[in-house]
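Single-structure report; data block below.
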2 protein chains.
Amino acid sequence: MRKNITIQDVAEHAGVSMMTVSRVLNKGGNVKDSTRQKIEQAVQDLGYRPNFAAKNLSSGRKNFIGVLCFEPNSPYVSQFLFGCLRYCSEVGYHLIVEENNADRLLDSKLQALCSGVDGVIVLPPLSEDKSLLERISAFNIPYVCVGQQHMALQDKFHSTVSIDEQQAAADLTSSLIEQGHTRIGFISGDKSQGVTQLRLAGYQQALQQHKLSIQPELIAEGDFSYKSALSATEQLLSLKDKPSAIFASNDEMAAAVMAVVHKHQFAIPKDISVVGFDDTSIATMVWPQLTTVRQPFVEMAKAAIDRISGQNPDAKTLLPSSITCRESHGQAAN
Amino acid sequence: MRKNITIQDVAEHAGVSMMTVSRVLNKGGNVKDSTRQKIEQAVQDLGYRPNFAAKNLSSGRKNFIGVLCFEPNSPYVSQFLFGCLRYCSEVGYHLIVEENNADRLLDSKLQALCSGVDGVIVLPPLSEDKSLLERISAFNIPYVCVGQQHMALQDKFHSTVSIDEQQAAADLTSSLIEQGHTRIGFISGDKSQGVTQLRLAGYQQALQQHKLSIQPELIAEGDFSYKSALSATEQLLSLKDKPSAIFASNDEMAAAVMAVVHKHQFAIPKDISVVGFDDTSIATMVWPQLTTVRQPFVEMAKAAIDRISGQNPDAKTLLPSSITCRESHGQAAN
DNA sequence: CTGAAAGCGCTTACAG
DNA sequence: CTGAAAGCGCTTACAG
């Protein structure tokens, strides 16, 4: 195992001091251009790679980010964590993932987490748990609430990263309307979560913009779980005047919609269009593949991490979302 | 932000030297029992938490583990990564995840990865890519092939962590037979992968043990993708003498089996039982929930990491698996 | 069974 | 614009 190349080696190779190399490496200003170039050349030549452990130790920064999630194995969380992982390895941060699906997260556990990280990313639905946020806030480290557009607390450490949930839901609904659908069923998420209201509001907003009336019978209640959408779909399909499209508030529920629709011998999208929300991995594991709102997981992770590292000063980041069109939607049957 | 508690503080508190504290902390021997207790008490009192950065820097260990995967967002990989993450945060390792789903992983990228980690975990199907393993092997760091029972290379850095694939498949098949199923359809995985053969062999072994004949028409070809199982299932259901149960070689394909079975108006499990393999998150996102072989992801991750850290000397670890019984299987209809 | 010394590779003040 | 010094919190030899 050959010796590691250190900043010292680079300095010697370039004929400068370690300090100057450090400046160049950290993109600091105040370095003569010719010096900078010499150093960059040396880094190239030697194949220098920074030692994160040394960096952390001397800077006092932890270079750890805590992620607090409810259900680590859900597609949403997996997808988001992957985004974090990817960006982390780019910028030298490491992840500590903590789950909090039982009761109240123990003070000792929270303390252990918060004292070992530079900041905390809180995933939904925990990002709406005001009392949890207050406890995190007490540690005076930045924390980012994901999927949560509204600031729950007023303190300088609090920030949010999300898409415009309502607009996204409205856009998806509009695209259905533009394909001739006038009876669009909607399956809502867990009542206690803010996004549930926003997505429903987006659905209603689109209907109104297109001069369609809002029919309460077309709105069925789910809770974001596969199971809940099973009965919600049965309910929608039992209507004498059935919907020609169903908008489920997340992909898991959309998968359930598809199962029930198929069970009733309807073709998708010929008889009934089905759309979801999130664009998690399940969207391509159903048949036909699901049209859904794409959450920009990688960008969200990046924005959250940048915020913690101080690169992103925005207390409130609203990322653009888009519709991922696949095969589960089509022209309304007539 | 209050000062961090260091090993120095603990030493003073306990009235010993840093060195002795370090010994106790690292579970080294040669410490008098009374001394050990004093130190453990001091650790408690002060709420000492080790500084990983300092540890790494002084020990020369990187404390990074590389994970090489094909498709980071697949349920299998998500599940495994989660297992890693959990154990890593316990033992102070950090993860660098690299995907290699394009062509040949660039030498520069592989070099960057391997030179920054203590070892590499290779996930299927990459764990069967002999030329890739040879290139990793050249870096003289431990690497663990997951889901791969057979050693591809003969070198001291190579090891494997998996379950007994064939036995698990045989057990699952047997449980179906014991419920009265005599015509069991089987959907195989990607032909080029070793596990595909092992799971098929397990299926056949169970049939033979129960004196049932192997019917080639009951074996349909898939490739582990949802899509491939769609047509494979159609094929099985078009048989004049239909199977009363279908065993898909992974959960994604089992989900596809269910979609097609429902489409054909058969009830699960009343008319047809469906079982899968892996017990990934999708197993509980189908209806009815899927009976499947449980891969012990957390234990596999632990074994792999232990191997890299030198805690696990086994070059070949075979972990026990089990059957997770849910609602998708039942007595054969007669 | 215990300890004093040196050093891991970097950054943070502080000078100039 | 550049550098010399000290130190981050631990571990690795080496003594005794």
Side-chain angles (χ1 to χ4, degrees), chain A residues 1-40 42-43 46-64 91-94 115-116 118 309-310, chain B residues 1-40 42-43 46-64 91-94 115-116 118 309-310:
Chain A
M1 208 142 299
R2 73 181 186 306
K3 192 181 161 304
N4 287 320
I5 312 288
T6 74
I7 215 174
Q8 184 70 266
D9 301 323
V10 176
E12 279 170 21
H13 191 95
V16 296
S17 75
M18 283 168 54
M19 201 44 243
T20 309
V21 176
S22 176
R23 280 198 190 87
V24 171
L25 257 23
N26 295 299
K27 319 206 183 307
N30 287 6
V31 180
K32 212 200 296 172
D33 237 29
S34 61
T35 312
R36 179 183 303 277
Q37 276 166 24
K38 260 193 312 193
I39 292 173
E40 276 163 357
V43 167
L46 268 37
Y48 168 78
R49 303 180 56 77
N51 179 319
F52 289 124
K55 243 175 132 123
N56 304 353
L57 184 56
S58 60
S59 68
R61 268 176 46 182
K62 316 269 185 186
N63 279 46
F64 273 92
V91 293
Y93 269 113
H94 316 303
S115 64
D118 296 307
S309 72
Chain B
M1 207 143 301
R2 76 184 183 304
K3 193 182 160 306
N4 287 320
I5 311 288
T6 75
I7 214 174
Q8 182 69 267
D9 301 323
V10 176
E12 280 171 20
H13 191 95
V16 297
S17 75
M18 283 168 53
M19 202 42 245
T20 308
V21 177
S22 176
R23 278 198 191 87
V24 172
L25 257 23
N26 296 298
K27 320 206 183 305
N30 286 8
V31 180
K32 211 200 298 172
D33 238 29
S34 62
T35 313
R36 180 183 303 278
Q37 276 166 25
K38 259 193 313 192
I39 293 174
E40 276 163 357
V43 167
L46 268 38
Y48 168 78
R49 303 181 55 79
N51 179 320
F52 289 124
K55 246 178 134 119
N56 303 353
L57 184 57
S58 60
S59 69
R61 270 175 43 183
K62 315 271 184 183
N63 278 45
F64 272 91
V91 293
Y93 270 112
H94 316 302
S115 65
D118 295 307
S309 72

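Reckoned from all heavy atoms, side chains included, excluding hydrogens, waters and symmetry mates. Lettering follows sequence order; numbering is per chain, from 1.
Under the 4.5 Å side-chain criterion, counting only non-hydrogen atoms from C-beta, A:Asn51 is in contact with B:Leu57. Side chains of A:Asp118 and A:Tyr93 form a contact here, defined as non-hydrogen atoms less than 4.5 Å apart. For the pair A:Leu25 and A:Val43, the minimum side-chain heavy-atom distance is below 4.5 Å. For the pair B:Val21 and B:Tyr48, the minimum side-chain heavy-atom distance is 4.5 Å or more.
Of the side-chain N and O atoms in A:Asn56, none sit less than 4.0 angstrom from OP1 or OP2 of C:dC10. Phosphate contact (OP1/OP2 of D:dA4, side-chain N/O of A:Ser17, threshold under 4.0 Å): absent. Between A:Thr35 and the phosphate of D:dT2, there is a side-chain N or O to OP1/OP2 separation shorter than 4.0 Å. At the phosphate of D:dT11, OP1 or OP2 sits under 4.0 Å from a side-chain N or O atom of B:Ser22. Within the structure, every side-chain polar atom (N or O) of B:Ser59 is placed at least 4.0 Å from both OP1 and OP2 of D:dC10. Checking the phosphate oxygens (OP1, OP2) of C:dC8, no side-chain nitrogen or oxygen of A:Asn51 falls inside 4.0 Å.
For the pair B:Leu25 CG and D:dG9 P, the interatomic distance rounds to 15 Å; values are reported in whole Å. Residue B:Ile7 contributes atom CD1, which lies 5 Å from atom P of D:dC10 at whole-angstrom precision. Atom CE of B:Met18 and atom P of C:dA4 are 10 Å apart (whole Å). Protein atom CG of B:Asp33 is 12 Å distant from nucleotide atom C1' of C:dC1, rounded to whole Å. Distance, A:Met19 CE to D:dG7 P: 17 Å, rounded to whole Å. Going from atom CD of A:Glu12 over to atom P of D:dG3 covers 13 Å, rounded to whole Å. The CZ-C1' distance, from A:Arg36 to D:dC1, rounds to 11 Å in whole Å. One interatomic measurement links the two molecules: CG of A:Leu57 to P of D:dA6, which rounds to 18 Å at whole-angstrom precision.
Remark: the B:Ser58 side chain and the C:dC8 base include no donor-acceptor N/O pair separated by less than 3.5 Å. Donor-acceptor pairing under 3.5 Å, judged by distance alone, is present between the side chain of B:Arg23 and the base of C:dG3.
Considering only side-chain atoms of B:Val16, the nucleotide from C:dT11, C:dG3, D:dT2 that sits closest is C:dG3.
Side chain of A:Ser59 to main chain of A:Lys55: a donor-acceptor pair is present (N/O by atom type, distance under 3.5 Å, no hydrogens or angles).
For D:dA4, there is no paired base (Watson-Crick or G-U wobble, both distances below 3.5 Å). Of the nucleotides present, none pairs with D:dA13 by Watson-Crick or G-U wobble criteria with both distances under 3.5 Å.
Between B:Gly15 and B:Ala54, the residue anchored nearer the 5' end of DNA chain C, judged by the nucleotide with its closest heavy atom, is B:Gly15.
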